[in-house]
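Labels below follow one simple rule: chain letters A, B, ... track the order of the sequence lines, proteins then strands, and each chain is numbered from 1.
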Number of protein chains: 4
Amino acid sequence: MRNMDKREKIMEVSLKLFAEHGFHRVSMDMIAGKADVAVGTIYIYFAGKDELIEELFLELENKIISALQKTRPAKRSIRNDFLSLMNNFIKYLIDHPLYFRYMEQYINSPFGIALRRDKFLGGQDKQDMLSHIFQDGIDKKLLKDLPVGALFSLTIAPLIFLLRDHILGFITLDKALINKITEACWDGIKR
Amino acid sequence: MRNMDKREKIMEVSLKLFAEHGFHRVSMDMIAGKADVAVGTIYIYFAGKDELIEELFLELENKIISALQKTRPAKRSIRNDFLSLMNNFIKYLIDHPLYFRYMEQYINSPFGIALRRDKFLGGQDKQDMLSHIFQDGIDKKLLKDLPVGALFSLTIAPLIFLLRDHILGFITLDKALINKITEACWDGIKR
Amino acid sequence: MRNMDKREKIMEVSLKLFAEHGFHRVSMDMIAGKADVAVGTIYIYFAGKDELIEELFLELENKIISALQKTRPAKRSIRNDFLSLMNNFIKYLIDHPLYFRYMEQYINSPFGIALRRDKFLGGQDKQDMLSHIFQDGIDKKLLKDLPVGALFSLTIAPLIFLLRDHILGFITLDKALINKITEACWDGIKR
Amino acid sequence: MRNMDKREKIMEVSLKLFAEHGFHRVSMDMIAGKADVAVGTIYIYFAGKDELIEELFLELENKIISALQKTRPAKRSIRNDFLSLMNNFIKYLIDHPLYFRYMEQYINSPFGIALRRDKFLGGQDKQDMLSHIFQDGIDKKLLKDLPVGALFSLTIAPLIFLLRDHILGFITLDKALINKITEACWDGIKR
DNA sequence: GATGAATGAGCCTTCATTCAT
DNA sequence: TATGAATGAAGGCTCATTCAT
C-alpha cells in the first residue's frame with residue numbers, strides 16, 4: 001500500500017516552498033530534494049506539478065473551512081456571528097501564515113481565476129457561512145442592499161490586505177486591533 | 001540620443017503581454033516579435049527581464065498618480081474629498097484594465113513584495129493624497145483612530161477586489177454601484 | 001515450479017501491445033497492468049525488457065516454423081512444394097497479424113539486425129524447408145544459379161511487403177491474388 | 001541571416017546517428033554534441049525532434065528521386081527502362097548506405113506508416129517513373145495483370161532486402177549479381 | 001514467488017542572455 | 001544602435017529496474 005507519509009512530506013515541503021518562493025520558482029527537483037524523495041516519487045502521488053498545486057489548494061481550503069466551522073458561533077445575532085467569524089478567520093490565518101501565502105498566490109494565478117475568490121471562503125456555495133450571514137442580514141434589512149459579492153469584497157478584502165501586511169511584518173495585528181478592524185468592516189456593510 | 005520610439009513600443013507591448021498572460025508566460029522573444037524589434041534591442045534599453053518588469057511598474061505607478069492628481073478635488077470636505085478620490089481611482093482603472101491587471105500581478109509577485117502596497121497609491125509617502133486625507137480625518141476626530149495602513153486596507157482593498165471581479169466579468173460596476181461602494185468604505189472608516 | 005500461467009499471460013499481453021504500439025511506446029508498467037501482474041513479477045520470468053522482446057521473438061519464430069512444418073507438402077515437385085509453402089506462409093500470417101507485426105518490427109530493430117532475416121524463416125539453417133527446396137532446385141537446374149540468400153529475398157520479400165499492405169488495409173489479399181503472386185515469385189526464380 | 005552550415009551539419013550528424021542507432025536511441029544532446037552545436041541551436045532550425053526526423057526524410061527522398069531522374073533512360077523499351085531504373089536504384093543506395101538505413105527505419109516507424117512505401121519510390125504519384133513503366137507495361141500486355149502495388153512489391157521488396165544484406169555485409173552485390181537479380185525481378189512480373 | 005513503491009538517469013524542450021556583425 | 005543566431009542551464013516528466021515486505 002502506498003506510503004502516505006511520503007505523500008504527506010511532499011505536500012508539506014511543497015506548501016512551504018511554493019508559499020515562500022512562488023509556483024514557478026520552485027522546481028520538482030527542489031521539492032524532491034527537500035522532501036528526501038526521488039523526483040519520480042512525486043509523480044506516484046501526483047499526476048504533475050499542476051495537480052500537486054491543485055491538490056494542495058483543495059487541502060488547505062478544506063482545512064480552513066473545517067477550522068472555521070469548528071469555531072462556529074452560537075447564532076446569537078447577525079452582528080455577533082459576523083464578528084466572530086471574521087475574528088476566527090484572521091486568527092486562524094495568523095497562526096498559519098504559510099496557508100495564507102499559498103492561498104493568496106493560488107488565487108492570483110491562472111489556477112485560481114476560474115474558482116475565484118468566492119471559493120476562498122465559500123461564495124455562492126450554500127454551505128458557506130459568510131454568504132448565509134449576508135443573505136440573512138439583507139433579508140432582515142440589517143445590511144446594505146448590495147450584491148453579496150460586494151459585501152464579500154467590503155469585508156474579506158481588507159482582512160486579506162492586513163493579513164499580508166502582518167505576515168510580512170509591516171504591521172502587527174494584536175487582539176485589540178483585530179477587534180477594531182472587524183468592527184470597522186461591520187460598519188461598512190451595516191445599514 | 002536613444003530612439004525612444006523603440007523603447008516606448010517595447011514597454012507598450014510588454015504591458016499588454018504581461019497583463020494578459022503573466023510574467024513567466026511571456027518570453028523576451030515574444031515581446032521582441034510583437035514590438036517589431038530584435039531581442040537584443042530590448043537589452044539596450046533594459047538591463048534584463050526583471051528590470052523591464054520593474055520599470056513598467058514604476059511607469060504605471062506614475063501614470064496613475066498623475067491621473068489622480070489631475071482630478072484632485074477642491075478640498076471641500078474630508079468626506080467629499082475621500083469619495084471623489086475613490087471614485088476617480090475606480091474609474092481610472094476601469095478605463096485602463098491593462099494597468100490594473102499589470103499592477104495586481106506585480107504586487108502579488110516577488111517583485112512587489114519588497115515595495116509593498118504602500119507604493120501602489122503612495123502609502124507612507126508624504127506626497128500621497130489618500131494618506132493626507134486620512135491623517136487629516138484622524139486629527140479632526142472624523143475618522144476612527146486606526147493606523148493609516150489599516151484605513152488604507154479598509155478602503156483600497158475592497159475596490160481592488162471589486163475591480164478584479166469587474167474586469168473578469170463577474171460583476172458590473174456601474175456608476176450607482178460605485179457610489180454605494182465608496183460610501184460603504186467611508187462608513188467603515190468614519191467614526 | 002514457476003507459475004507458467006503468469007509467464008504466458010505476460011507474453012500474450014506483450015505481443016499484443018508491442019505489435020500494436022511498438023517496442024518503445026510500451027512500458028513495463030503497461031504490460032504489468034494489462035497482464036494483471038505486478039511490474040516486479042515480469043522480472044521474475046524475464047531478465048529485462050530486452051530479454052522479453054527477445055524471447056517473444058524466439059517463441060513466435062518457433063510457432064511459425066511449426067505451423068509451416070505441419071502443412072508440409074507431399075514432395076510432389078519442387079514447383080508445387082514451393083507454391084504451397086509460400087501459400088501456407090501467407091495464409092498463416094494473414095490469420096496471425098499480430099505475429100506478423102511483431103516479427104516485422106523486431107527484424108527492423110537493433111535486436112533483429114544481428115540475427116537477420118535468415119532466421120525469420122530459417123535461412124542457412126539446415127532445418128529450413130525453403131532452403132532445401134532452393135538447393136534442390138539449383139542442383140536440378142530448375143532454378144536460377146543465384147545465392148540461396150538472393151532466391152530468398154526474391155520470394156519472401158514481396159510477400160512480406162504485400163502482407164504489410166494487407167494488414168494495414170492498403171490492399172486485399174484474396175485467394176486468387178495470392179496465387180497469382182506466389183506464381184509470379186516462382187517465375188522470378190525459375191530458370 | 002541564418003547560418004545554413006549549422007543546419008547542414010545538424011542534418012548530416014542526425015542522418016548518421018539515426019541511421020546507425022535508431023530514432024529513439026539518439027538524443028537531442030547526442031546530436032548537438034556530435035554537431036558541435038548547443039542543444040538550443042537545433043531548435044532554431046527544427047521545431048522538434050519529430051520535425052527533424054521528418055525533414056531529414058523529405059530531404060533524402062528528394063535526393064533519391066533527383067538522382068534517379070538524372071539517370072533516366074532514353075525510353076528504349078519497357079524492359080530496358082525497368083532494368084536500368086532498378087540498377088540505378090540499387091547502385092545509388094549502395095553508394096549511400098546511410099540514406100538506405102535511414103529510409104528503411106523511417107518507413108518502418110509510425111512516421112512512415114501514413115506515407116507508406118509507395119512514396120519511397122513514388123507509388124500512386126503520377127510523377128513516379130516506376131508506376132509509369134508498370135502502367136505502360138500492363139496496357140501493352142507486357143506485364144502480368146496485377147495491381148500496380150503488387151508489381152511494386154514484387155520488384156522493390158527483393159531489392160530492399162538484398163540491399164540490407166549487402167550493407168550489413170551478409171552478401172556482396174557486385175555488378176554481375178545486380179544484373180541477375182534485376183532480371184529475375186523482370187521475369188517475375190513479365191507476362 | 002509476488003508485490004508495487006521507490007529510484008534517478010535521462011529525455012525533450014524552453015528561454016534569458018550574449019556577442020559578432 | 002540594432003540585429004538575431006547561438007548558447008546551455010534548467011525545467012517537467014518518463015520509465016526500466018530494484019528491493020523490502
Colleague: Could you tell me the separation between the CD1 atom of A/Ile42 and the P atom of F/dC15, rounded to a whole number of Å?
Modeller: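 Taking atom P of F/dC15 as the reference, CD1 of A/Ile42 is at 17 Å.
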Colleague: Among E/dT7, F/dC13, E/dA16, find the nucleotide with the atom closest to the side chain of A/Tyr43.
Modeller: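 Output: F/dC13.
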Colleague: Starting the side chain at C-beta, find the nucleotide from F/dT3, F/dA6, F/dT17 nearest to B/Ile44.
Modeller: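 Per side-chain heavy atoms of B/Ile44, the pick is F/dT3.
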Colleague: Tell me every residue that passes side chain to side chain donor-acceptor pair (under 3.5 Å) with B/Glu55, counting only those two or more places apart in sequence or in another chain.
Modeller: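 Partners of B/Glu55 by the side chain to side chain donor-acceptor pair (under 3.5 Å) criterion, ordered by chain and then number, come out as B/Arg7.
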Colleague: From CD of B/Glu51 over to P of E/dA16, roughly how many Å is that when rounded to an integer?
Modeller: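 Nearest whole value for this atom pair: 13 Å.
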Colleague: For residues 19-42 of chain D, which residue pairs pass the salt bridge (Lys or Arg N to Asp or Glu O under 4.0 Å) check, not counting sequence neighbours?
Modeller: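 For residues 19-42 of chain D, and leaving out neighbouring residues, the salt bridge (Lys or Arg N to Asp or Glu O under 4.0 Å) pairs sorted by first residue read D/Lys16-D/Glu20.
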Colleague: Could you check C/Val37 against B/Ala47 and say which one's nearest nucleotide on DNA chain E is further toward the 5' end?
Modeller: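 Looking at DNA chain E, the more 5' nearest nucleotide goes with C/Val37.
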Colleague: Tell me: CG of A/Asp36 to C1' of E/dA6, nearest whole Å?
Modeller: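 Between C1' of E/dA6 and CG of A/Asp36: 13 Å.
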Colleague: Which stems, defined as runs of 3 or more consecutive Watson-Crick or G-U wobble pairs with both pairing distances under 3.5 Å, involve DNA chain E?
Modeller: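 Stem list for DNA chain E: E:2-21 with F:2-21.
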Colleague: Nearest whole Å is fine: how far is F/dA16 P from C/Leu52 CG?
Modeller: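 In whole Å, F/dA16 P and C/Leu52 CG are 11 Å from each other.
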Colleague: What pairs with D/His21 under side chain to side chain donor-acceptor pair (under 3.5 Å), at least two apart in sequence or on another chain?
Modeller: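 Partners of D/His21 under the side chain to side chain donor-acceptor pair (under 3.5 Å) test: none.
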Colleague: From the list E/dG8, F/dA16, F/dT7, which nucleotide is the closest neighbour of the side chain of A/Val39?
Modeller: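 The closest nucleotide is E/dG8.
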Colleague: Provide, to the nearest angstrom, the distance between the CZ atom belonging to A/Phe46 and the C1' atom belonging to F/dG12.
Modeller: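 Answer to the nearest Å: 16 Å.
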Colleague: Select from D/Lys49 and D/Thr41 the residue whose nearest nucleotide in DNA chain E is closer to the 5' end of that strand.
Modeller: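 The residue mapped nearer the 5' terminus is D/Lys49.
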Colleague: Taking the side chain as every heavy atom from C-beta outward, state whether D/Ile31 and D/Leu52 have any atom pair closer than 4.5 Å.
Modeller: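 Contact flag for D/Ile31/D/Leu52 side chains = yes.
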Colleague: Counting side-chain heavy atoms from CB outward, which of F/dA6, E/dA2, F/dT3 is closest to C/Lys6?
Modeller: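 Minimum distance to the C/Lys6 side chain belongs to E/dA2.
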Colleague: Just compare F/dT17, F/dA5, F/dA2 and give me whichever is closest to any side-chain atom of B/Tyr45.
Modeller: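 Closest nucleotide to the B/Tyr45 side chain: F/dA2.
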Colleague: So if I take every side-chain heavy atom of D/Ala38 and compare against E/dT3, F/dA6, F/dT7, which nucleotide ends up nearest?
Modeller: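 Shortest atom-to-atom distance from the side chain points to F/dT7.
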Colleague: Does anything in residues 16-30 of chain B come within less than 4.0 Å of DNA chain F? Heavy atoms only, and list the residues if so.
Modeller: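 Under 4.0 Å from DNA chain F: no residue of residues 16-30 of chain B.
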Colleague: What residues, two or more places apart in sequence or in another chain, satisfy side chain to side chain contact (heavy atoms under 4.5 Å, CB included) together with B/Lys49?
Modeller: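 Here the qualifying residues are B/Phe18, B/Met28, B/Ile53.
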Colleague: Only one of D/Arg101, D/Glu54, D/Glu61 forms a side-chain hydrogen bond (donor to acceptor under 3.5 Å, both in side chains) with D/Tyr106, so which one is it?
Modeller: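 For D/Tyr106, the side-chain hydrogen bond (donor to acceptor under 3.5 Å, both in side chains) check succeeds only for D/Glu54.
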Colleague: Taking CD1 from D/Ile31 and C1' from F/dG8, how many angstroms apart are they, rounded to a whole number?
Modeller: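 Value for this atom pair: 16 Å.
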Colleague: Can you tell me how far C1' of E/dG1 sits from CD1 of C/Ile10, to the nearest Å?
Modeller: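 Interatomic distance, CD1 of C/Ile10 to C1' of E/dG1: 12 Å.
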Colleague: Would you please name every residue forming a side chain to side chain contact (heavy atoms under 4.5 Å, CB included) with D/Leu15, sequence neighbours left out?
Modeller: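 Partners of D/Leu15 by the side chain to side chain contact (heavy atoms under 4.5 Å, CB included) criterion, ordered by chain and then number, come out as D/Leu56, D/Leu60, D/Leu98, D/Tyr99, D/Tyr102.
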Colleague: So, using side chain to side chain donor-acceptor pair (under 3.5 Å) as the criterion, who are the partners of B/Tyr43 when residues are at least two apart?
Modeller: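 Listed in chain order: nothing, the list is empty.
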Colleague: How would you list, by chain and number, every residue that makes a side chain to side chain contact (heavy atoms under 4.5 Å, CB included) with D/Ala67, sequence neighbours excluded?
Modeller: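 D/Ala67: side chain to side chain contact (heavy atoms under 4.5 Å, CB included) contacts with D/Tyr92.
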Colleague: Could you give the CG-to-P distance, from A/Asp5 to E/dA5, as a whole number of Å?
Modeller: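 After rounding, the gap between these two atoms is 14 Å.
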Colleague: Quick one: does C/Thr41's side chain have a donor or acceptor within less than 3.5 Å of a partner on C/Val37's backbone?
Modeller: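 Flag not set: sc C/Thr41 to bb C/Val37 has no pair under 3.5 Å.
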